[in-house]
Amino acid sequence: MDGQRTAILSIDGTASIEFPVMSPTHGNDCVDIRSLGGKTGLFTYDSGFMSTASCKSRITYIDGDKGELLYRGYPIEQLAEHCSFLEVAYLLKNGELPDAGQKSEFEHTIRYHTMVHDQLTRFFSGFRRDAHPMAVMVGVVGALSAFYHDVTDFDDPAGRNNSFNRLVAKLPTIVAMAYKYNTGMPFNYPDNALDYTANFMQMMFGLPTEKYHPNPVLVRALDTIFTLHADHEQNASTSTVRLAGSSGANPFACISAGIACLWGPAHGGANEACLQMLEEIGDVSRVGEYIKRAKDKNDSFKLMGFGHRVYKNFDPRAKLMRKVCHDVLSELGLEDDRLFKLAMELEKIALEDPYFVDKKLYPNVDFYSGIVQKAIGIPTSMFTCIFALARTVGWMAQWEEMITDPEYKIGRPRQLYIGAPRRNVVPLGQRPLA
Ligand code: SDX
């Protein structure tokens with residue numbers, strides 16, 4: 001392979017086999033082992049995909065050591081400061097930031113897709129009022145796949161654009177409906193006079209009895225929170241969406257699968273779990289007790305909002321989220337919020353503890369997001385729904401990249417079988433007693 005870098009594999013002294021090494025724009029080189037099975041009859045074993053690149057992607061890059069996050073090459077810090085969430089959504093899908101005309105056209109398109117089919121409202125009444133909103137989201141977003149049979153050809157860019165626009169536009173409406181249903185309050189319709197995030201807040205907190213006036217500081221804070229959660233390369237829920245989509249499944253159903261995966265407390269459910277943990281700790285005087293538990297191998301307790309598969313430095317989103325948190329609490333006169341003070345003290349103590357330093361466990365995006373969402377008035381049970389609203393943009397961008405990839409195949413991992421050896425069935429009457 002002229003000039004091509006190669007990895008050489010030799011097993012038990014047998015003849016060595018060469019595999020191409022692929023070089024990225026940024027990040028780790030990859031050994032292309034697609035021919036390993038055919039050449040050697042061997043599989044690689046990588047439970048949890050600690051060392052496996054599942055795809056090529058141009059969308060998001062994370063440098064875990066530097067604590068860097070790029071969306072289409074732009075640092076998250078700059079996007080959070082200079083762009084709206086819809087501009088970031090346009091960027092993630094199309095690869096470039098919109099110009100003024102493109103931005104205005106995209107905002108108009110999204111604005112006029114925010115309503116949901118009126119029959120979708122009936123799905124909510126099948127749930128208990130106290131159903132977890134993420135359970136409702138899995139059901140209702142999945143149900144969208146029963147409504148849009150006008151678009152079934154996803155080889156057609158127009159079909160993909162339509163599905164992207166519908167999901168980005170309708171997720172805020174559905175999240176707000178899940179919240180209203182949970183509280184027993186009537187659903188609010190979208191208000192086309194408001195921008196995307198202000199409209200979401202109106203649907204969440206508005207009442208038919210009075211005009212809702214969104215606080216621009218809180219709107220900007222929530223819009224930034226959406227941007228920080230929009231995409232994150234091949235995390236568990238994005239990989240779920242890609243795998244589901246690789247069979248050709250309906251994109252609305254694939255997003256529902258992503259929501260289901262995100263719900264887990266090890267993933268997007270950590271912001272809800274983190275706030276519950278802070279409430280349980282209650283006071284700075286008890287932080288040491290919980291740090292001790294987090295370090296105890298015999299205790300399954302983990303410090304929610306700490307640690308990350310990729311970041312072995314600060315999650316850059318956590319730093320931005322801490323600032324958003326501070327701005328919101330200042331705007332609301334809550335500078336002395338006890339949970340925020342407790343979180344900052346917990347962060348300080350944890351980052352001085354050798355266990356966390358040695359294992360490079362830093363605060364992640366979920367550590368502060370719960371505090372700021374609670375201050376904005378979003379109930380704890382809704383935190384992961386907010387995460388799902390934002391991540392739908394990344395999921396759909398990654399789904400489209402997957403189905404338009406010339407190398408796209410249905411995802412079908414193999415396994416290391418360690419079960420029973422081949423054996424014959426013994427008829428019931430002849431089976432020995434257990
Ligand atoms: C998100 O992948 C993404 O990109 C996800 C995400 C996104 O935007 O999509 O960034 C969003 O999911 C953020 C992560 C939110 N989860 C939490 O905050 C839950 C708490 N964190 C842990 O569950 C854990 O850190 C994970 C799941 C986030 C990462 O787990 P890994 O990479 O599989 O690491 P690990 O569990 O193998 O931990 C390595 C070591 C272990 O100790 P040893 O077995 O080596 O002795 O660190 C320990 C763990 O016990 N450890 C922790 C810890 N996290 C890891 N110990 C105490 N508290 C913690 N939080």
Side-chain angles (χ1 to χ4, degrees), residues 27 46-54 57 59-65 67-71 76 88 92 134 225-242 258-278 281 287 289-321 343 346-347 349-351 353-371 383-384 386-395 397-398:
D46 186 15
S47 169
F49 309 115
M50 304 288 280
S51 304
T52 294
S54 61
S57 182
I59 299 174
T60 293
Y61 172 68
I62 301 170
D63 185 319
D65 294 325
E68 181 177 54
L69 168 58
L70 309 177
Y71 287 168
I76 190 69
V88 169
L92 287 169
M134 282 298 279
I225 289 173
F226 289 164
T227 290
L228 298 181
H229 288 84
D231 193 52
H232 215 237
E233 65 158 67
Q234 306 312 317
N235 60 83
S237 53
T238 298
S239 299
T240 300
V241 171
R242 276 181 172 259
I259 292 171
C261 178
L262 185 73
W263 189 5
H267 189 13
N271 50 20
E272 177 180 2
C274 182
L275 202 85
Q276 287 162 350
M277 175 191 73
L278 290 171
I281 295 174
V287 165
E289 172 194 338
Y290 282 82
I291 296 255
K292 185 165 179 285
R293 282 189 59 195
K295 292 154 66 172
D296 180 355
K297 281 285 156 243
N298 299 317
D299 189 334
S300 61
F301 173 78
K302 287 197 179 340
L303 218 48
M304 290 289 111
F306 273 78
H308 198 277
R309 170 61 57 78
V310 176
Y311 290 121
K312 301 310 172 191
N313 195 323
F314 247 91
D315 179 338
R317 302 168 299 177
K319 288 182 182 173
L320 292 163
M321 192 67 78
L346 177 59
E347 175 188 296
I349 295 171
L351 296 184
D353 187 293
Y355 173 90
F356 288 85
V357 174
D358 295 347
K359 292 182 185 294
K360 299 185 176 181
L361 300 176
Y362 291 90
N364 57 48
V365 67
D366 293 302
F367 187 59
Y368 286 101
S369 69
I371 298 166
F383 290 172
T384 313
I386 302 294
F387 197 150
L389 184 164
R391 188 53 59 85
T392 292
V393 163
W395 286 333
Q398 298 268 356

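Counting starts at 1 for both ligands and their atoms, in listed order. Residues take their numbers from the sequence shown, with the count starting at 1. Predicted model only: the values in this text are computed from it and were never measured.
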Backbone or side-chain N or O of [X] under 3.5 Å from ligand 1 N or O:
{"X": "Gly305", "answer": "yes"}
{"X": "Ala266", "answer": "yes"}
{"X": "Leu303", "answer": "yes"}
{"X": "Asp315", "answer": "no"}
{"X": "Tyr355", "answer": "yes"}
{"X": "Phe306", "answer": "yes"}
{"X": "Asp366", "answer": "no"}

Do any non-hydrogen protein atoms sit less than 4.0 Å from [atom]?
{"atom": "atom 25 (O) of ligand 1", "answer": "yes"}
{"atom": "atom 37 (O) of ligand 1", "answer": "no"}
{"atom": "atom 19 (C) of ligand 1", "answer": "yes"}
{"atom": "atom 13 (C) of ligand 1", "answer": "yes"}
{"atom": "atom 30 (O) of ligand 1", "answer": "no"}
{"atom": "atom 52 (C) of ligand 1", "answer": "yes"}

State the CH2-CG distance between Trp395 and Asp231, to the nearest 0.5 angstrom.
10.5 Å
Keeping Arg309 on the side-chain end and Gly48 on the backbone end, is there a donor-acceptor pair under 3.5 Å?
yes
Which of the numbered atoms in ligand 1 are below 4.0 angstrom from a heavy atom of Ala270?
15 (C), 16 (N), 17 (C), 18 (O)
Identify the protein heavy atom lying closest to [atom], giving its residue, its atom name and the separation to 0.1 Å.
{"atom": "atom 4 (O) of ligand 1", "answer": "His232 ND1, 2.6 Å"}
{"atom": "atom 22 (C) of ligand 1", "answer": "Lys302 CD, 3.6 Å"}
{"atom": "atom 2 (O) of ligand 1", "answer": "Asn235 CB, 3.4 Å"}

Side chain to side chain, Thr238 and Glu233, heavy atoms closer than 4.5 Å
no
Taking side chain as C-beta onward, heavy atoms only, is Lys302 less than 4.5 Å from Leu361?
no
Mind checking whether Pro265 contacts ligand 1 via backbone (N, CA, C, O), side chain (CB onward), both or neither, at a 4.0 Å heavy-atom cut-off?
backbone
Verdict with reasoning, Gln398 to Ser57, per side-chain contact (heavy atoms from CB on, under 4.5 Å):
CA-CA 8 Å; Gln398 298 268 356; Ser57 182; 3.9 Å; yes
Any idea which of His308, His267, Arg391 brings a heavy atom closest to atom 10 (O) of ligand 1?
His308
Is there a ring-ring contact (aromatic ring centres under 6.0 Å, His included) between Tyr362 and Tyr311 once you walk through the steps?
CA-CA 8 Å; Tyr362 291 90; Tyr311 290 121; 9.8 Å; no
